[in-house]
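Note that ligands are numbered from 1 as they come in the structure, with each ligand's atoms numbered from 1 the same way. Keep in mind the model is a prediction, meaning the values are calculated, not measured.
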Amino acid sequence: MLMFTPGPVSVCKKVLKAQEKAMITHRGKEFQELYKRVVGKIIPLIGAKEAHIITGSGTCAIEANVQNALPEGGKALVLSNGAFGDKLAEHCKLYYETIFQRLNGAKGWDLQRAKPHIDEAASKGAKLFAMVHHETSPGILNKIGEICKYAKERGMITLIDGTSAFPAYSLEHVKDCVDFYSWASQKAAGCPPGIAVVSFSSDGICAVEASPKRSNYMNLKGFRKKQAEKFETPNTPAISLICALEAALDLLLQEGHGKFMKRHGRMAKFARKKIKKMGFEAFVEKGFESNTVITFYTQKNKELNSLLQAKYSVKLGGGHADWKDNSLRFCIMGDLNLKKVKKGLEALEAAKKELQI
Ligand SMILES: Cc1ncc(COP(=O)(O)O)c(C=O)c1O
C-alpha cells in the first residue's frame, strides 16, 4: 500500500530492519551508548538544550511537557486552529486555569492575530503559552517563531506541540523562544509509532525543576536525573524503536536536514498544483500552507479513499475534525519521493474520474 497518511506513515526498509537488532537491557552500557548517540543526533537538529525520548505516543510527550511546565496555581493561554490545538487546551485545563482562543476556517496563527490574546492573557497573569506548530487536522503551519518570541517577551514559558512537524520544518528560528517542544516518531520522522521526543530550552529546564511532581511516569525531573546520571530512562523504553529512530536520523543526516525539508517542499508544491488542476479545492489559508498535509474538499471522501485502496493500493488520510465528512488529506510524510507522489496523484485522478467527481 502506498501511504499518503498523516501518521503512521510508510517506513523504509532500513528503518524497519533496525528494529530487528538483538535485544539489549536498558540498564547497561550498550543502551546508554545508544541513547546518548540518538539524543546527541537530535539536539543539534532541534537546537534545544536537552532532549529526552519518551516511550508513548505524541500525546504522552505533550502531556509530559504540559504537566511539567508551571507550578501550582498557574494560568495558561492556548491558541488553537484545529482539533489538536483543542486537545492541547484540554491537557492544559487538567493542571491550569486556561484561557482558550480558537481561530476557525483553516486560518493560520501569526503574530498579528496572536498578539492581542497574548497581551490580554499576560495582563491576567498567564505564565504558559501553548499552541500547535503544524495543525494536522487540515494541515496549517502556524508561525510559531514570531509568536513565541513575543509570548516570551511578555514573560511566558512557551510550549509547542510539534507532533507532526519535526523534522519536516526547521526549528532554527525558534530555538531561543520555544521552551518546551515535542514530536512523535510515526510522522515526519518516518518511523513506526511508539516513541516521542520532548526537548527544553534553558528556561524550559528551570520550569521543569520548579514544577511539582504530577505523575510518576511523565515526571520530567526523573528523566533529567536518569539522563544526567547514566544516560538511561526512568522506566523500560521501547529499545527497538529507539534503534529505528537512530536509523531514520542517520538517513536524514546523510541527506542533510536542509535538503530533506526542501524535498518535502518540492513534493508538496507539485501535489498541491496537481490536486488543484484536477479540480479539487485545497482550502488552507494562503501563507500558512503545509508541506506535509494537503487537505482538499470532496463530498465523496469515503468512496474515493475506499476505491483508491481497493483498486490502486493507495491510501490517503481521511478528513478530520471540522472537515471529517467533506475532505481528504494527501500527506507527504515517511518513505516517499516524487515518483511515488506522482503515482499517488495519478491514482487519485483515475479514481476521481471513475466516481465521476
Ligand atoms: C499535532 C498533533 N498533536 C497531537 C497528536 C496526537 O498524537 P498521538 O496520536 O501520537 O498521540 C497528533 C496526531 O496526529 C497531531 O498531529
Check: Where is the nearest protein heavy atom to atom 16 (O) of ligand 1: which residue, which atom, and how far?
Finding: Thr136 OG1, 2.4 Å
Checklist line | Per-residue contact class, Lys187 against ligand 1 - non-hydrogen pairs under 4.0 Å | finding: side chain
Next item on the list: Please state which part of Ile62 comes within less than 4.0 Å of ligand 1, counting heavy atoms only: side chain, backbone, both or neither.
Entry: side chain
Note to self: Using a 6.0 Å distance limit plus a 45 degree cone around the ring axis, check whether Lys143 lies over the aromatic ring of Phe288.
What the structure shows: yes
Notebook entry, point to check: Counting only heavy atoms not in Glu153, do more than 12 fall under 6.0 Å of its CD?
Noted result: yes
Notebook entry, point to check: Salt bridge check: are Arg27 and Glu232 linked by an N-O gap of less than 4.0 Å?
Noted result: yes
Checklist line | Residue His134 vicinity, atoms of ligand 1 by number, heavy atom under 4.0 Å | finding: 1 (C)
Check: Is ligand 1 under 4.0 Å from a heavy atom in the side chain of Lys87, in the backbone, in both, or in neither?
Finding: neither
Margin query: Determine whether the aromatic ring centres of residues His320 and Phe84 are separated by less than 6.0 angstrom.
Written below: yes
Check: With a cut-off of 4.0 Å, which atoms of ligand 1 are near a heavy atom of Val132?
Finding: 1 (C)
Next item on the list: Going by the ring-ring contact (aromatic ring centres under 6.0 Å, His included) test, name the single residue among Tyr181, Phe180, Phe223 that passes it with Phe200.
Entry: Phe180
Check: Which protein heavy atom lies closest to atom 12 (C) of ligand 1, and at what distance to 0.1 Å?
Finding: Phe84 CE2, 3.2 Å
Next item on the list: Quickly, which of Thr158, Asp176, Asp179 forms a side chain to side chain donor-acceptor pair (under 3.5 Å) with Ser201? Name it, please.
Entry: Asp179
Item checked: Pair Ser170-His257, side-chain donor/acceptor within less than 3.5 Å -> no
Margin query: Please report whether ligand 1 has a polar contact with Gly58, defined as an N or O pair separated by less than 3.5 Å (distance criterion only).
Written below: yes
Note to self: Test your reading of the structure: does Ser57 have an N or O sitting under 3.5 Å from an N or O of ligand 1?
What the structure shows: yes
Check: What residue and atom, counting heavy atoms only, is the protein's closest point to atom 3 (N) of ligand 1, and at what distance?
Finding: Asp161 OD2, 2.7 Å
Check: Backbone, side chain, both or neither: what part of Thr59 comes under 4.0 angstrom of ligand 1, heavy atoms only?
Finding: both
Notebook entry, point to check: Does a salt bridge link Arg37 with Glu33, judged by any charged N lying under 4.0 Å from a carboxylate O?
Noted result: no
